[in-house]
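In this text the structure is predicted, and so the values were computed from the model without any measurement. Below, chain A is the first sequence line, B the second, and so on; all start at residue 1.
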Protein chains: 4
Amino acid sequence: MNQHRNGPVRSAAAREAVLAATTRLFHEQGYDKLTIEGIAREAGVGKQTIYRWWSSRGAVIADCLAEGRLFPVEFEVPDSGQLLPDIEHWLSTVLAVLDARNGGELVRSLVAAAAEDPAVGASLSERLGVERSLAARLERAVRDGQLPANAPIDQIGESILGAVILRALGRQNDSGEPLRRLVRFLFAPSARLRGDLEE
Amino acid sequence: MNQHRNGPVRSAAAREAVLAATTRLFHEQGYDKLTIEGIAREAGVGKQTIYRWWSSRGAVIADCLAEGRLFPVEFEVPDSGQLLPDIEHWLSTVLAVLDARNGGELVRSLVAAAAEDPAVGASLSERLGVERSLAARLERAVRDGQLPANAPIDQIGESILGAVILRALGRQNDSGEPLRRLVRFLFAPSARLRGDLEE
Amino acid sequence: MNQHRNGPVRSAAAREAVLAATTRLFHEQGYDKLTIEGIAREAGVGKQTIYRWWSSRGAVIADCLAEGRLFPVEFEVPDSGQLLPDIEHWLSTVLAVLDARNGGELVRSLVAAAAEDPAVGASLSERLGVERSLAARLERAVRDGQLPANAPIDQIGESILGAVILRALGRQNDSGEPLRRLVRFLFAPSARLRGDLEE
Amino acid sequence: MNQHRNGPVRSAAAREAVLAATTRLFHEQGYDKLTIEGIAREAGVGKQTIYRWWSSRGAVIADCLAEGRLFPVEFEVPDSGQLLPDIEHWLSTVLAVLDARNGGELVRSLVAAAAEDPAVGASLSERLGVERSLAARLERAVRDGQLPANAPIDQIGESILGAVILRALGRQNDSGEPLRRLVRFLFAPSARLRGDLEE
DNA sequence: AGCTAAACGAGACGGTACGTCATGTCTTCTC
DNA sequence: GAGAAGACATGACGTACCGTCTCGTTTAGCT
């Protein structure tokens with residue numbers, strides 16, 4: 001028995017306009033300058049329409065995040081068969097994006113949004129598009145015997161992502177070399193034992 | 001506030017009152033509810049006195065952070081000579097604090113403050129009191145040969161801290177076991193190679 | 001030639017519900033708190049149904065007024081043959097109603113509605129139920145020779161009503177004696193000439 | 001012991017700007033289109049400044065009224081020694097103003113404001129500038145013996161003013177003759193008795 | 001009896017204004 | 001001359017209604 005309701009239905013156009021405007025403003029101004037009124041103005045939408053469908057500023061961000069509107073690219077981890085070079089290549093891509101204009105600001109805005117709003121926090125890691133692909137690659141490495149069978153794949157991904165976030169919070173302008181050393185440490189364990197991580 | 005003074009000297013009492021009020025409010029309400037007016041009210045201080053000496057809300061937080069007012073305890077890493085048990089013990093302490101009331105909220109507030117304000121971001125990692133002690137312990141491990149000579153000590157610390165932060169952002173209520181698996185992975189490399197991380 | 005139309009006709013139930021709800025809310029909350037949405041909610045009616053049949057909030061009020069829903073009683077002027085005692089008795093009735101709970105507020109609400117909406121203004125004086133009956137009594141007085149043949153009956157009524165309204169606007173809590181003095185002045189001209197309005 | 005207070009003092013410029021803007025908007029748009037935000041915008045003033053010093057829209061109007069900003073002219077009653085001609089002349093002046101552009105609207109706006117706000121209501125009659133001057137003239141008439149010693153002067157004034165208001169509420173476009181007949185009735189009692197109010 | 005179009009309840013929509021709160025600057029008075 | 005108190009212009013908050021506009025449902029009168 002279908003539960004029917006009368007009346008007009010949610011406007012897809014309004015929803016789209018809100019998410020598009022939010023994405024635009026988020027990239028242009030960052031999270032803390034993002035306001036409901038600003039979104040409404042930019043989207044050509046009444047404030048009440050936003051409040052009707054989203055509980056907070058963070059909830060709008062979370063929707064944008066869930067639809068992949070906040071990241072310009074997907075960070076795919078290549079799979080050449082050799083774990084460390086693949087990860088290093090992926091890391092270079094990530095760092096290149098982050099060091100481009102507003103990349104660090106984008107991360108900080110996301111973190112601020114996640115800190116403020118549970119919904120954003122909940123979808124942050126998986127939707128970041130980072131861990132998903134990374135985890136897939138690591139699972140493959142486990143199957144290939146390059147990582148032990150019970151390596152904590154998710155946690156390894158989170159530790160790398162966490163280090164990336166901390167770097168963004170500290171506004172460090174290093175070359176990315178410290179992060180590269182971290183992944184080498186993580187994925188070249190035999191080298192670690194031999195003490196020849198670096199030549 | 002302070003009693004009779006002749007010279008135009010910065011009032012130590014006012015400074016103290018501001019920092020104390022900020023600490024109190026930060027713990028009670030979190031970063032996003034923290035306002036300059038609220039601090040001034042709570043401290044019994046004029047708004048202008050705050051603006052005179054601090055450039056922003058974040059700068060006040062950064063001062064509190066720098067003076068160790070925001071953390072109830074210092075997280076010292078014990079040194080029994082055995083790296084992994086020491087780290088696991090330390091991690092248990094950290095997790096216990098975070099899972100206590102408002103512990104997660106405290107981390108999220110700090111992260112939000114760091115995301116918003118460069119000054120907070122800059123002092124976050126070292127002042128967190130976490131990495132300093134952790135790095136010292138890891139250096140000792142290097143000297144003892146438990147870690148390779150060129151292990152990226154700071155980055156390892158940041159990766160752990162980053163994972164802790166991500167856990168707080170995701171509001172996860174796990175037992176902390178995932179984090180424990182991560183440190184085991186990080187500090188038991190030989191086990192990893194043998195595939196017997198867990199029995 | 002009848003222009004025929006299909007479909008249902010205006011719902012008497014909806015009309016009744018709207019007018020009843022309006023009357024209820026008008027008495028409970030006054031004119032300025034009266035809203036179309038509130039009426040629709042109270043009447044269990046769609047907003048559009050109101051907009052379809054009435055042009056404005058004032059038009060609904062005007063309808064209520066025209067059907068005598070806004071006044072709890074009719075103010076009949078008795079006719080004992082003696083003009084002044086009749087008028088004074090009527091005035092006492094009016095004042096008693098006005099000084100009862102919300103009586104003044106009712107007048108003010110009506111005046112506000114009349115000020116805002118021409119339709120209400122147009123029907124205010126005649127529909128008030130005041131002047132109609134008063135004018136009838138004054139005409140009788142003219143026939144009886146108690147008033148000159150061309151006394152401005154309508155204007156006399158309006159002047160009394162106007163004085164009543166001004167009293168309500170000023171929120172005066174006098175006993176009503178000033179109004180009584182006015183009607184004595186109006187209807188005891190010979191006394192006036194003799195200077196013995198009051199003994 | 002004087003109870004002293006620190007801090008800046010109320011800005012005379014802001015007060016003046018608010019009252020001037022209110023007066024302007026009131027005349028241009030009437031009371032119901034008058035909004036706090038509109039006043040603030042027009043005055044170049046923050047909304048909060050208005051809310052700090054006035055409790056409501058009506059309170060601002062009441063201040064304007066009290067300073068005579070809402071009426072373009074003072075309605076002085078001439079004093080030639082002969083009551084009726086003086087009053088008729090005054091009435092002509094009043095009617096001329098009311099029938100000019102927006103005169104009726106002005107009255108209706110004032111009445112609406114008075115109905116909504118006690119402060120406006122309280123100062124309406126005296127500040128209207130109407131009754132004050134009228135009462136003075138009537139008192140003179142009493143002294144001259146043209147009115148009985150205990151004629152209810154204030155009430156007579158209110159009855160005239162009330163009739164004027166009712167006329168404005170009804171949007172009547174009569175020539176003003178009915179009002180003239182009323183004052184003739186009020187102030188030519190002997191004529192009334194002889195039934196020769198009009199020849 | 002079926003068809004059809006209007007009226008209905010519900011309520012989403014782009015707006016305006018509300019009254020409150022915080023911002024960062026400025027002014028006044030006290031110590 | 002630093003500091004408390006707080007007024008100021010600005011602007012966002014979240015709420016309430018405005019008047020218009022869909023939605024599906026219900027119902028009256030014509031075929």
D/W54 CH2 to F/dA7 C1': how many Å, rounded?
-> 13 Å
With sequence neighbours left out, what residues match B/A168 under side chain to side chain contact (heavy atoms under 4.5 Å, CB included)?
-> B/V107
Atom-pair distance (CZ on C/R52; P on F/dT20), nearest Å | 13 Å
What string of B, S and - do you get for nucleotides 22-28 of chain E, 5' to 3', when a contact is any protein heavy atom under 4.0 Å?
-> SBBBBBB
Considering residues at least two apart in sequence or located in another chain, which fulfil the side chain to side chain contact (heavy atoms under 4.5 Å, CB included) criterion with C/A59?
-> C/W54, C/S55, C/S56
For E/dG14, does either OP1 or OP2 sit under 4.0 Å from a side-chain N or O belonging to A/T49?
-> yes
Which donor-acceptor pairs under 3.5 Å do side chains of residues 43-50 of chain C form with protein atoms, sequence neighbours excluded?
{"from": "C/K47", "atom 1": "NZ", "to": "C/E37", "atom 2": "OE2", "distance (Å)": "2.8"}

Stacked cation flag B/R69 on B/F26, 6.0 angstrom / 45 deg | no
Side chain to side chain contact (heavy atoms under 4.5 Å, CB included) involving A/T22 - partner list, sequence neighbours excluded = A/V18, A/L34, A/I39, A/V60, A/I61, A/C64
C/D32 CG to F/dC18 C1', in whole Å, measures 16 Å
Whole angstrom value for the distance that separates P of E/dA17 from CD1 of D/I50 | 13 Å
Closest to side chain of A/A14, choosing from F/dA4, E/dG14, E/dC8 = E/dG14
Specify the residue among C/G44 and A/V45 whose closest nucleotide of DNA chain E lies further upstream toward the 5′ end.
-> C/G44
Could you list the residues that satisfy salt bridge (Lys or Arg N to Asp or Glu O under 4.0 Å) with D/E42, not counting sequence neighbours?
-> D/R24
May I have the distance from A/E116 (atom CD) to F/dC13 (atom C1'), rounded to whole angstrom?
-> 13 Å
What's the CD1-C1' distance between C/I39 and E/dG9, to the nearest Å?
-> 16 Å
Looking only at side-chain atoms of C/W53, point me to the closest of F/dC8, E/dA7, E/dG9.
-> E/dA7
